[in-house]
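All remarks here apply to the structure that follows.
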Amino acid sequence: MHKDLPSVTVSRLVGYLRVLTDLEGEGVVYATSERLGGAAQVSAHQVRKDLLLARVTSGTRGRGYTVAILRRELSSTLGLTRSWRVAIVGMGRLGQAIADYPHYKGFNFELVCAFDRDPSKVGKIIGGLPVHALEELAPLTTELALDIAFLTVPVSSAQAATDLIVAAGMRGVLNFVPTAISVPENVRVEPVDFLAGLKRLAFYLQPHDEQLAPAS
Ligand code: NAD
């Protein structure tokens, strides 16, 4: 419905939703774009522009947005009012840590099962999830109506595992592996790269006069 929204706008909308969820939890009824922007670390002008792009209509001149309504509208725009069924592919250290994270349900993400190629893990319940063999990935994707894969395999297996996920019919991959993977146009990959975040931090933390100096 809103597939034409720029990716940076979608990222900011996700940020506004987090702020609105906190405000609603605190019992706040109205919030101005200044308040939303302050909490989301963007300007009020940017907030208004993004919400306009997302075709959100709940603002009232003066009082601002009704927090509960805006939160519902944004949840709907972001596709968070339907449920998403998720599998973890690669049940190693990171896969298991993710399985232990308790907060998916609140956002309609349901962790259903895991897949791994290690026979010593297959058939076990790890982090509360049944671990299946890779041969089961295609039939179980259909049977369990899996939508999204968390990709947590080693770099050397990333593309092969992705090809299996795509062939099985899942439409989204949250890629924790620090490498680029290729998918067809109808599949979406979102990279989660904490090293990229660290590099961005290094840029902002270095003294200003070093930032634009040519490398020696
Ligand atoms: P790990 O070696 O502990 O686990 C990898 C798991 O993937 C193993 O269980 C292995 O059997 C399985 N696997 C290998 N090939 C597979 C395939 N084709 N299909 C399904 N399963 C397969 O590794 P890890 O530390 O959990 O890291 C996983 C990925 O996440 C790596 O790419 C790593 O760079 C990245 N990552 C890890 C961390 C971390 O803190 N551990 C943080 C950020 C990113």
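All values below come from the heavy atoms of this structure, side chains included, with hydrogens, waters and symmetry mates left out. Every number for a ligand or one of its atoms is a count from 1 in the order of the listing. Predicted, not measured: the structure shown is a model, and the values here were computed from it.
Here the heavy atom of the protein found nearest to atom 42 (C) of ligand 1 is F194 CE2, 3.6 Å. What sits closest to atom 15 (N) of ligand 1 on the protein, heavy atoms only, is S157 OG, 3.0 Å. Considering only non-hydrogen protein atoms, atom 20 (C) of ligand 1 sits nearest to L134 CD2, 3.6 Å. Scanning the protein heavy atoms around atom 44 (C) of ligand 1, the nearest turns out to be F176 O, 3.4 Å. In this structure, the protein non-hydrogen atom closest to atom 4 (O) of ligand 1 is G92 CA, 3.1 Å. Annotation: atom 11 (O) of ligand 1 to nearest protein heavy atom, D116 OD1, 2.6 Å.
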Could you walk me through whether F150 and L94 pass the side chain to side chain contact (heavy atoms under 4.5 Å, CB included) test, one step at a time?
CA-CA 10 Å; F150 289 174; L94 186 58; over 6 Å; no

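Between D147 and R85 there is no salt bridge, since none of the side-chain N atoms of the basic residue sits less than 4.0 Å from a carboxylate O of the acidic one. We find that R71 and E73 are not joined by a salt bridge, their nearest charged nitrogen and carboxylate oxygen being 4.0 Å or further apart. Under 4.0 Å is where a charged nitrogen must lie from a carboxylate oxygen, and between E135 and R117 no such pair does.
Considering only non-hydrogen atoms, atom 14 (C) of ligand 1 lies nearest to P154 out of G90, P154, A114. Residue R117 holds the heavy atom nearest to atom 21 (N) of ligand 1 of all those in Q96, R117, R93. Heavy-atom proximity to atom 31 (C) of ligand 1, evaluated over V155, T152, V153, V131, is greatest for V153. With distances taken over non-hydrogen atoms, the option nearest atom 26 (O) of ligand 1 out of V177, T162, L94 is L94.
Here the CG atom belonging to L36 is positioned 7.0 Å from the CG atom belonging to L51, to the nearest 0.5 angstrom.
Residues V19 and V42 fall within the same hydrophobic cluster, defined by Ile, Leu, Val, Met, Phe, Trp and Tyr side chains chained together at heavy-atom separations under 4.5 Å. V47 is connected to L53 through a chain of hydrophobic side-chain contacts under 4.5 Å among Ile, Leu, Val, Met, Phe, Trp and Tyr, so both are in one cluster. At a threshold of 4.5 Å between side-chain heavy atoms, the hydrophobic network of Ile, Leu, Val, Met, Phe, Trp and Tyr places V153 and V122 in two separate groups.
No side-chain N or O of D100 forms a donor-acceptor pair with one of Q96 less than 3.5 Å apart.
Within the 4.0 Å heavy-atom cutoff, P178 counts among the residues contacting ligand 1.
Here the side chain of K121 pairs no donor or acceptor atom with the backbone of V131 at under 3.5 angstrom.
The ligand atoms of ligand 1 that sit less than 4.0 angstrom from a heavy atom of M91 are 9 (O). Atoms of ligand 1 lying under 4.0 Å from any heavy atom of K121, numbered from 1 in the order shown and given with element: 8 (C), 9 (O).
Under the 4.0 Å distance rule, the nearest protein heavy atom to atom 34 (O) of ligand 1 falls inside the cut-off.
Contact annotation for L164 and ligand 1: no heavy atom of the residue comes within less than 4.0 Å of the ligand.
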